[in-house]
Participant: 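For reference, the structure I am asking about is given below.
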Amino acid sequence: MKRILITRPMPARVAEAARAHFDVEMRDDNTPLKPGQMRGALALYDGILPTLGDMFSADVFTEAEGSRCRILANFGVGYNHIDADAARSVGIAVTNTPGAVTDATADIAMTLILMSARRAGEGERLVRAGKWPGWNPTQMLGLHVTGKTVGIIGMGRIGQAIARRCHFGFGMEVVYYNRSDKQMEFEARQLPRIEDVAAEADIVVIALPGGAETKHIINAEVLAAMKPTGHLVNIARGDVVDEAALIAALKDGRIAGAGLDVYEREPEVPDALKAMENVTLLPHLGTAALDVREAMGLMAVDNLRAFFDGETPPNQVN
Ligand SMILES: NC(=O)C1=CN([C@@H]2O[C@H](COP(=O)(O)OP(=O)(O)OC[C@H]3O[C@@H](n4cnc5c(N)ncnc54)[C@H](O)[C@@H]3O)[C@@H](O)[C@H]2O)C=CC1
Ligand SMILES: O=C(O)C(=O)CO
């Protein structure tokens, strides 16, 4: 039986499915693997099921040529924590879990759109603090979402799921920035530059992959192009947004609010963001539902099974 390391505790269904096929060791703590642990695991296991935070950067693979490990079956669609090219150069396959995460992550984007636009976090804090003076006609007026324009940056699986929710659920117009054109079942306009989307949209939602190519793609210029009444929502990866530039834009009132599920240095969240009433902060909840996490885990196990059966795993990315 192939030896597999699962780097975090998993839902019972996932652990059972893995144990039905492999000799499994599952770590019982949720801390990310340290570089020495990653190198050790590459030497000791035939396959690893890692996840976010396990930073398999190029240097971890430098002495991995001929190592026992042949596959990293990532738990999650985003794999920017793994240098997939470096893995490939030492003959290690990398897979991810696309699709299983799409609807849940789009739902969290909608949560953030509504919470940011309608000042829901601020209102909840007001009520909990016992400071609500009662309803009045001009209290806590937010941005009415229905009929407005959403701008999607990264029109892939999740971006399209958000666009559909915005269009069919809220009658919103959709504009987007993506490196290729996407045919939708309703009119969604592709614009040539991120700044064009930022300027037209009332709410800008980021759904790009993380990594070197997209690092700080949402910078001061993009934020300056947004409407002063605009809201920025990020469900992608923290470093897609220049967090310092975002803080400056919010402080100066250059944009109206932000809804964030991800951060540049998770789990660190800048105090400046925590201090602002017009910022909604979620702890990377995009896929946090049991059935979604089970589907992700079962997909990762299927990738391992296919690989060790001699097939190309369904979700190989390198
Ligand atoms: N907050 C959370 O819990 C979650 C976050 N995510 C993040 O969402 C990301 C997107 O996931 P999917 O939609 O499944 O991926 P996807 O690959 O289907 O979509 C990404 C889209 O971005 C476009 N794109 C990539 N690089 C680009 C660039 N430099 N310029 C313009 N367009 C570019 C691609 O063409 C594609 O259409 C993941 O990579 C992950 O980082 C995913 C799941 C949960
Ligand atoms: O799948 C991902 O990329 C996540 O961020 C966690 O589900």
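All ligand and atom numbering here is 1-based and tracks the order in the structure. Since the structure is predicted, the reported quantities are computational estimates derived from the model, not experimental observations.
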Participant: Quick one: does H284 get an N or O within less than 3.5 Å of an N or O on ligand 2?
Facilitator: yes

Participant: Quick one: are S67 and V90 in side-chain contact, heavy atoms under 4.5 Å?
Facilitator: no

Participant: Is ligand 2 under 4.0 Å from a heavy atom in the side chain of L52, in the backbone, in both, or in neither?
Facilitator: side chain

Participant: Looking only at heavy atoms of Q160, does any of them come nearer than 4.0 Å to an atom of ligand 1?
Facilitator: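 No; Q160 lies far enough from ligand 1 that no heavy-atom distance drops under 4.0 Å.
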
Participant: What's the spacing between L282 CG and M115 CE if we round to 0.5 Å?
Facilitator: 6.0 Å

Participant: Would you say ligand 1 has an N or O under 3.5 Å from any N or O of I217?
Facilitator: no

Participant: Is there any N or O on H284 that sits under 3.5 Å from an N or O of ligand 1?
Facilitator: yes

Participant: Could you tell me whether the side chain of E311 and the main chain of P313 form a donor-acceptor pair under 3.5 Å?
Facilitator: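 Not confirmed, E311 side chain does not pair with P313 backbone.
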
Participant: As an exercise, identify every atom of ligand 1 less than 4.0 angstrom from a heavy atom of G78.
Facilitator: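 By the 4.0 Å cutoff, the relevant atoms are 39 (O), 40 (C), 41 (O).
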
Participant: Answer yes or no: is there a donor N or O on one side and an acceptor on the other, between the side chain of R27 and the main chain of T7, under 3.5 Å?
Facilitator: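 Checked: pair present.
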
Participant: What protein heavy atom is closest to atom 18 (O) of ligand 1, reported as residue, atom name and distance in Å?
Facilitator: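 Of the protein heavy atoms, R157 N, 2.9 Å lies nearest.
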
Participant: What atoms in ligand 1 come closer than 4.0 Å to a heavy atom of G154?
Facilitator: 22 (O)

Participant: Name the residue from N74, V101, V14 that meets the side chain to side chain contact (heavy atoms under 4.5 Å, CB included) definition with M296.
Facilitator: V101

Participant: Which one of A100, A207, G156, S180 has a non-hydrogen atom at the shortest distance from atom 19 (O) of ligand 1?
Facilitator: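 It is G156 that holds the nearest heavy atom.
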
Participant: So is there a nitrogen or oxygen of E213 less than 3.5 Å from a nitrogen or oxygen in ligand 1?
Facilitator: yes

Participant: For atom 13 (O) of ligand 1, what's the nearest protein heavy atom and its distance?
Facilitator: I158 N, 2.9 Å

Participant: Using a strict 4.0 Å cut-off to heavy atoms of T287, name the atoms of ligand 1 that fall inside it.
Facilitator: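 Contacts of ligand 1 toward T287, numbered from 1: 3 (O), 44 (C).
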
Participant: At a 4.0 Å cut-off, with the gap strictly under it, does some heavy atom of P98 reach an atom of ligand 1?
Facilitator: no

Participant: Would one find an N or O of D261, backbone or side chain, under 3.5 Å from an N or O of ligand 1?
Facilitator: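 Looking only at distances, the answer is yes, because the N/O contact criterion of under 3.5 Å is met.
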
Participant: Can you tell me the protein heavy atom closest to atom 32 (N) of ligand 1 and the distance?
Facilitator: R179 N, 3.2 Å

Participant: A side-chain contact here means heavy atoms from C-beta on lying under 4.5 Å apart; do V301 and R305 qualify?
Facilitator: yes

Participant: Which atoms of ligand 2 have any heavy atom of V101 under 4.0 Å away?
Facilitator: 1 (O)

Participant: Answer yes or no: is there a donor N or O on one side and an acceptor on the other, between the side chain of D239 and the main chain of E264, under 3.5 Å?
Facilitator: no

Participant: Using modelled atom types and a 3.5 Å cut-off, is there a donor and acceptor pairing between side-chain atoms of E122 and backbone atoms of N278?
Facilitator: no

Participant: Less than 6.0 Å separating the ring centroids of F56 and Y79?
Facilitator: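 Judged by ring-centre distance (under 6.0 Å), F56 and Y79 do not meet the cut-off.
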
Participant: Measuring only between side-chain heavy atoms, which start at C-beta, is E185 closer than 4.5 Å to F168?
Facilitator: yes

Participant: Among all protein heavy atoms in this structure, tell me which lies nearest to atom 40 (C) of ligand 1, with the distance rounded to 0.1 Å.
Facilitator: R237 NH1, 3.7 Å

Participant: Check T149, V150, T146, V145 against C166 for a side chain to side chain contact (heavy atoms under 4.5 Å, CB included) and give me the one that passes.
Facilitator: V150

Participant: Near K182, which atoms of ligand 1 are under 4.0 Å from a heavy atom of that residue?
Facilitator: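 Within the 4.0 Å cut-off of K182, ligand 1 contributes 37 (O).
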
Participant: Quick one: are M184 and V174 in side-chain contact, heavy atoms under 4.5 Å?
Facilitator: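 No, side chains not in contact.
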
Participant: Write out the residue and atom name of the closest protein heavy atom to atom 1 (O) of ligand 2, then the distance separating them to 0.1 Å.
Facilitator: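 So the nearest neighbour among protein heavy atoms is V77 N, 2.9 Å.
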
Participant: Against ligand 1, does Y177 come closer than 4.0 Å with any heavy atom?
Facilitator: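 True for this residue.
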
Participant: List every atom of ligand 2 that sits less than 4.0 Å from any heavy atom of T287, numbering the atoms from 1 in the order shown and giving each element.
Facilitator: 6 (C), 7 (O)

Participant: Considering only the protein, which heavy-atom contact is closest to atom 5 (C) of ligand 1, and what is its distance?
Facilitator: I235 O, 3.0 Å

Participant: Just need the protein heavy atom nearest to atom 20 (C) of ligand 1, so name the residue and atom and give the distance.
Facilitator: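 Looking only at protein heavy atoms, the one closest to atom 20 (C) of ligand 1 is P209 CD, 3.7 Å.
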
Participant: Taking side chain as C-beta onward, heavy atoms only, is M276 less than 4.5 Å from I247?
Facilitator: yes

Participant: For atom 9 (C) of ligand 1, what is the nearest protein heavy atom, given as residue, atom name and distance?
Facilitator: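 Looking at atom 9 (C) of ligand 1, the protein heavy atom closest to it is L208 O, 3.6 Å.
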
Participant: Do any N/O atoms on N178 end up under 3.5 angstrom from N/O atoms on ligand 1?
Facilitator: yes

Participant: Taking 4.0 angstrom as the limit and counting only heavy atoms of G76, give me the atoms of ligand 2 inside it, by number and element.
Facilitator: 1 (O), 2 (C)

Participant: What part of R237, side chain from CB on, backbone N/CA/C/O, both or neither, has a heavy atom under 4.0 Å from ligand 2?
Facilitator: side chain

Participant: Is a side-chain donor or acceptor of N315 paired with a backbone partner of T95 at a separation under 3.5 angstrom?
Facilitator: no

Participant: Which class fits the ring pair F186 and H167: parallel under 30°, tilted 30 to 60°, perpendicular over 60°?
Facilitator: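 Parallel: the ring planes of F186 and H167 meet at under 30°.
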
Participant: Looking at N234, V241, N219, which hits side chain to side chain contact (heavy atoms under 4.5 Å, CB included) with L246?
Facilitator: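 Among N234, V241, N219, the one that satisfies the side chain to side chain contact (heavy atoms under 4.5 Å, CB included) with L246 is V241.
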
Participant: Quick one: does E25's side chain get under 4.5 Å of Y45's, heavy atoms only?
Facilitator: yes

Participant: Within a distance under 4.0 Å of any heavy atom of M155, pick out the atoms of ligand 1 and give their elements.
Facilitator: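 Atoms satisfying the 4.0 Å criterion: 37 (O).
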
Participant: Could you tell me the residue and atom name of the protein heavy atom closest to atom 44 (C) of ligand 1, and the distance to it rounded to 0.1 Å?
Facilitator: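 Its nearest protein heavy-atom neighbour is T105 OG1, 3.2 Å.
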
Participant: Under 4.0 Å from any heavy atom of M296, which atoms of ligand 2 are there?
Facilitator: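 Counting atoms of ligand 2 from 1, those under 4.0 Å from M296 are 7 (O).
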
Participant: Would V77 count as a contact of ligand 1 if the rule is a heavy atom under 4.0 Å away?
Facilitator: yes

Participant: Any carboxylate oxygen within less than 4.0 angstrom of a Lys/Arg side-chain nitrogen, looking at R68 and D46?
Facilitator: yes

Participant: Quick one: which ligand 1 atoms are inside 4.0 Å of a heavy atom on T214?
Facilitator: 29 (N)

